[in-house]
Number of protein chains: 2
Amino acid sequence: MCNAGNPHKENNKLDWHCIHHDNIKDCIEECKVQRILILFGKKYAMPIIRLLLIHKKMRFNHILENLKGSPKTITSRLRDLEKSGFIKREVYNEIPMRVEYSLTEMGASLDDIFEQIAIWTLNSQEESH
Amino acid sequence: MCNAGNPHKENNKLDWHCIHHDNIKDCIEECKVQRILILFGKKYAMPIIRLLLIHKKMRFNHILENLKGSPKTITSRLRDLEKSGFIKREVYNEIPMRVEYSLTEMGASLDDIFEQIAIWTLNSQEESH
DNA sequence: CAGTATCCTGACAGATACTG
DNA sequence: CAGTATCTGTCAGGATACTG
């Protein structure tokens, strides 16, 4: 069983990843921590979140221009983030067409963990001096 | 300039990633948060850290058997983690040869951020109900 | 405008055999 | 034992042209 969703710091550390899976494939598919790391290890995933944290709402071409990626890759990443529940896609049937991307509540909360990672990198730098 | 290494929560949020780079390539190369996410988005990176947190020291074949990966991939990941300063590789010139992997202080501190991500996944799950 | 479709390159990863 | 070498397949991502 994957216990990544059930961390009780007092009792046992290491609750953030399952060690009891028979094969690692199950871990990767079921462990939420691993899935987040895989998603944000992909190109543009984090920069998209950051753009939306700053601008709140953005249209496709604005994201595209800002990140200077190919439309295929940007689309792919937007779909990933949407499927994972981090961003919301709203279509307005105007001419020309308008699509606006924004963060879900869950997506906006990513700010916290990214910041914590940043703080961690700062601390681990100090320790190594 | 990348300001990911200089987070001051009181003044400005979003310090965890640089928005002022002209192109995203510089961000990926220079931003520490992004680099960590890319590294641990790769297969076996997190499971290796977890194994070493539990067992303290492990030999190559034990890691290999435990994670059931191909030797090429496991070696590649061990080198990545070593280059980033998370693990230490010690060679003993015995016959048969012995190599032991263990965490550096910085590697052991990864426990904290993985746990924080796990706690975050738990909280964001509750919110969405 | 917001994407798809197509083609292409390179990195990631598995399987297996081999070596110091 | 601790890898390396080799071959293979899959997928991420770029460039560009096209479409509803």
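Lettering follows sequence order; numbering is per chain, from 1.
Bounding nucleotides for the chain B contact on DNA chain D, 5' to 3', at a heavy-atom distance below 4.0 Å, are D/dC1 to D/dC7.
Proximity of residues 82-89 of chain A to DNA chain C (heavy atom under 4.0 angstrom from any strand atom) is restricted to A/R89.
Side-chain contact check for B/L52 versus B/M58: some heavy-atom pair is nearer than 4.5 Å. Residues B/L37 and A/L39 fail the side-chain proximity criterion, which asks for heavy atoms closer than 4.5 Å. Side-chain atoms of A/M97 and A/N93, non-hydrogen and from C-beta on, never get closer than 4.5 Å to each other.
Evaluation of the side-chain contact (heavy atoms from CB on, under 4.5 Å) rule for B/I49 yields B/F40, B/L53, B/L81, B/F86, B/I87, B/L103, B/L110, B/F114 as partners, not counting sequence neighbours. Checked against side-chain contact (heavy atoms from CB on, under 4.5 Å), B/K72 has the following partners two or more places apart in sequence or in another chain: B/S70. Partners of A/E100 by side chain to side chain donor-acceptor pair (under 3.5 Å), not counting sequence neighbours, listed by chain and number: A/R98. For B/Y101, there are no ring-ring contact (aromatic ring centres under 6.0 Å, His included) partners at least two apart in sequence or on another chain. Looking at residues two or more places apart in sequence or on another chain, you find a side-chain contact (heavy atoms from CB on, under 4.5 Å) between B/E90 and B/K57, B/K88, B/Y92, B/S102. Under the rule for a side-chain contact (heavy atoms from CB on, under 4.5 Å), the partners of A/S76 that lie at least two apart in sequence or sit in another chain are A/D80. Partners of B/R79 by salt bridge (Lys or Arg N to Asp or Glu O under 4.0 Å), not counting sequence neighbours: none found.
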What N/O pairs connect the protein and nucleotides 5-12 of chain C at under 3.5 Å? Give each pair on its own line.
| unit_1 | atom_1 | unit_2 | atom_2 | d |
| --- | --- | --- | --- | --- |
| C/dC12 | OP1 | B/K42 | NZ | 3.0 |

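Side-chain atoms of B/T75 come within 3.5 Å of backbone atoms of B/P71 as a donor-acceptor pair (strictly under, hydrogens ignored).
Close to C/dG14, at under 4.0 Å from its OP1 or OP2, lies a side-chain N or O of B/T73.
Residue pairs satisfying the ring pair (Phe, Tyr, Trp, His ring centres under 6.0 Å) criterion with at least one member in residues 54-75 of chain A, sequence neighbours excluded, are absent.
Helical stems in DNA chain D, defined as runs of 3 or more consecutive Watson-Crick or G-U wobble pairs with donor-acceptor distances under 3.5 Å: C:1-20 with D:1-20.
Taking each heavy atom of B/C31 and A/M46 in turn, the nearest pair found is SG-CE, 4.4 Å.
Across all strands, B/Y101 comes closer than 4.0 Å only to sugar-phosphate atoms, never to a base (heavy-atom distances).
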